[in-house]
Amino acid sequence: MTTMLSSDLPLTKIGRGKVRDIYAVDDDRLLLVTTDRISAFDVVMGETIPMKGAVLTQVSAFWFGQLGGVVPHHMISADIDEIIAAVPALQGLRAALAGRTMLCRRTTVFPIECVIRGYITGSAWKEYAASGTLAGEKLAAGLTESERLEPPIFSPATKAETGHDENITIARMREIVGDEAAYTLESMTRAIYTQGEEVAREQGIIIADTKFEFGRDKDGRIILIDEVMTPDSSRFWAADTYAPGRSQPSFDKQPLRDYLDAERRAGRWNGEAPPPKLPAEIVEATSKRYLDAYRRLTGTDLVVT
């Protein structure tokens, strides 16, 4: 499978994120193409990570399959032959698009990241350790780093085009989307996380935290969209090595972050674009992390044909 830094399809491109290129198929459908771009510390690297786009797409497809009875979602198909049959303009592009492409229903997207935290870690732990709060709201006293939260905390954020998303209170979320939508988004987020956490734990993975996006379809239904419980949108820990009271190793881009941290400490990178060139061994180690996450979650190796 060849790597992809960016895509150029015979469709109208309507969006480009750090990782995904979004195309309009028609008034009702979108095509999501997940490239092999990778970002860290809000900077997109110049190199691609082999198989990363396929991992993200197929992990999401796996979850959409698991969640069909829990919440409605936007996936129509992640099978490249089905997609090409539905979108004839893609004829001749099978090799480039296989594995990394998803045909989806179009929605009006809510401007909210629906974050749910089953464990206190990352930026949430930093805020709690400093002030005992999360998004300015008090949490129980005496929590330790990586401790399980019972029940999980719903922690919405505003979506940022660049830089970090900003944590907001649920009250602020209600002001943005309205009371009814806010209630539905939180309820759906909790239902998805409960199902996902249970499935992942059976595979030896803890989903410490994750974030979801939602939109309204043409019929007015709120449905789950974008990626779902992938290594990019979630924090995965190995259940057999989990121990509260310290940080946990993650199945994500940690080799890349560690390398960039070392470059910053050595004064060879200022933390802004352009990023340093990545050594081949860092690219390979990061690719293996993504593939390992797929294998552990699904129980099978990722094969793209």
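Along the sequence shown, residues carry numbers from 1.
In summary, the side chains of Glu147 and Thr144 do present a donor paired with an acceptor at a separation below 3.5 Å, with no hydrogens or angles considered. Side-chain contact annotation: Thr133 with Glu127, donor-acceptor N/O pair under 3.5 Å present. Between the side chains of Thr230 and Tyr290, no donor-acceptor pair of N or O atoms lies under 3.5 Å. No side-chain N or O of Ser60 forms a donor-acceptor pair with one of Glu227 less than 3.5 Å apart. At a cut-off of 3.5 Å, with distance as the only test, a side-chain donor of Ser7 or Asp21 sits close to an acceptor on the other residue.
The pair Arg148-Glu150 meets the salt-bridge criterion, since a charged nitrogen lies less than 4.0 angstrom from a carboxylate oxygen. Under the 4.0 Å criterion applied to side-chain N and carboxylate O atoms, Asp27 and Lys218 are not assigned as salt-bridge partners. With respect to the salt-bridge test (charged N to carboxylate O, under 4.0 angstrom), the residues Asp232 and Lys18 do not qualify. Ionic pairing of Arg105 and Asp28 is not present here: no N-O contact between side-chain nitrogen and carboxylate oxygen is shorter than 4.0 angstrom. With salt bridges taken as basic N to acidic carboxylate O contacts below 4.0 Å, one links Arg172 and Glu175. With respect to Arg257 and Asp252, a salt bridge is recorded, a charged nitrogen being found less than 4.0 Å from a carboxylate O. Ion pairing between a basic and an acidic side chain is recognised when a charged N comes within 4.0 Å of a carboxylate O; Lys288 and Asp292 show no such pairing.
Taken to the nearest 0.5 Å, the CD1 atom of Ile22 stands 13.5 Å off from the OG1 atom of Thr12. Here the straight-line distance linking atom CG of Leu297 with atom CG of Leu302 works out to 12.0 Å at 0.5 Å rounding. Note: Met45 CE to Ser39 OG = 7.0 Å, rounded to the nearest 0.5 Å. One distance of note links CD1 of Ile76 with CE of Met102; it measures 10.5 Å at 0.5 Å rounding. In this structure, the separation between CD1 on Ile207 and CD1 on Ile116 is 10.5 Å, given to the nearest 0.5 Å. To the nearest 0.5 Å, atoms CD1 (Ile222) and CG (Asp219) are separated by 13.0 Å.
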Verdict with reasoning, Leu56 to Val19, per side chain to side chain contact (heavy atoms under 4.5 Å, CB included) | CA-CA 10 Å; Leu56 297 183; Val19 174; 4.0 Å; yes

Check the pair Leu90 / Leu97 against side chain to side chain contact (heavy atoms under 4.5 Å, CB included), numbers first and verdict last.
-> CA-CA 9 Å; Leu90 302 178; Leu97 296 178; 4.0 Å; yes

Stepwise side chain to side chain contact (heavy atoms under 4.5 Å, CB included) test for Gln91 and Ile84 = CA-CA 6 Å; Gln91 291 284 349; Ile84 290 174; 3.5 Å; yes

Under the side chain to side chain contact (heavy atoms under 4.5 Å, CB included) criterion, do Thr158 and Glu113 qualify, and how do the steps go?
-> CA-CA 6 Å; Thr158 54; Glu113 295 275 7; over 6 Å; no

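Note on Ile282: it clusters hydrophobically with Trp269, by side-chain heavy-atom contacts below 4.5 Å among ILVMFWY residues. No continuous path of ILVMFWY side-chain contacts below 4.5 Å connects Val44 to Leu256, so the two sit in separate hydrophobic clusters. One hydrophobic cluster, built from ILVMFWY side chains closer than 4.5 Å, cannot hold both Leu134 and Ile170; they sit in different ones. Under the 4.5 Å side-chain heavy-atom criterion for grouping Ile, Leu, Val, Met, Phe, Trp and Tyr, Leu291 is connected to Val283 within one hydrophobic cluster. By the rule that hydrophobic residues join a cluster once side-chain heavy atoms approach within less than 4.5 Å of another member, Phe110 and Ile223 end up as members of separate clusters.
Pairs engaging residues 61-78 under the side-chain hydrogen bond (donor to acceptor under 3.5 Å, both in side chains) rule: Ser77-Glu82 [sequence neighbours left out]. Residue pairs meeting the ring pair (Phe, Tyr, Trp, His ring centres under 6.0 Å) criterion with at least one member in residues 211-237, sequence neighbours excluded: Tyr119-Trp237, Trp237-Tyr242.
Annotation: Asp8, atom CG; neighbour count of heavy atoms from other residues, nucleotides and ligands within 6.0 Å does not exceed 12. Within 6.0 Å of the CG atom in Asp26, the count of heavy atoms belonging to other residues, nucleotides or ligands exceeds 12.
The shortest heavy-atom contact between Ser247 and Ser146 is CA-OG, 4.0 Å. The minimum heavy-atom distance linking Ala24 with Leu11 is given by the pair O-CB, 3.8 Å. In plain terms, the two heavy atoms of Asp79 and Asp81 that are nearest each other are OD1-N, 3.1 Å. Of all heavy-atom pairs spanning Arg37 and Lys52, the tightest one is O-NZ, 3.0 Å. Closest approach of Gly46 to Leu5, counting heavy atoms only: O-CD1, 4.2 Å. Contact detail for Arg174 and Ala182: the closest heavy-atom pair is CG-CB, 3.8 Å.
Of the possible donor and acceptor atoms, one in the side chain of Ser287 sits under 3.5 Å from a partner among the backbone N and O of Pro50. Counting only distance, with no hydrogens or angles, the side chain of Tyr193 and the backbone of Lys211 share no donor-acceptor pair below 3.5 Å. Formation of a donor-acceptor pair under 3.5 Å by the Arg235 side chain with backbone atoms of Ile206 is not found in this model. Under a 3.5 Å cut-off, the side chain of Arg216 and the backbone N or O of Gly220 do form a donor-acceptor pair.
Scored by the side chain to side chain donor-acceptor pair (under 3.5 Å) test, Thr210 finds Ser234 as partners (sequence neighbours excluded).
Two residues are said to be in side-chain contact when any heavy atoms from C-beta on lie closer than 4.5 Å; Ile38 and Thr48 fail this criterion.
Phe41 carries Arg264 over the face of its six-membered ring, with the cationic atom under 6.0 Å from the centre and within 45° of the normal.
Just one of Thr34, Thr3, Asp36 meets the side chain to side chain donor-acceptor pair (under 3.5 Å) condition when paired with Arg100; it is Asp36.
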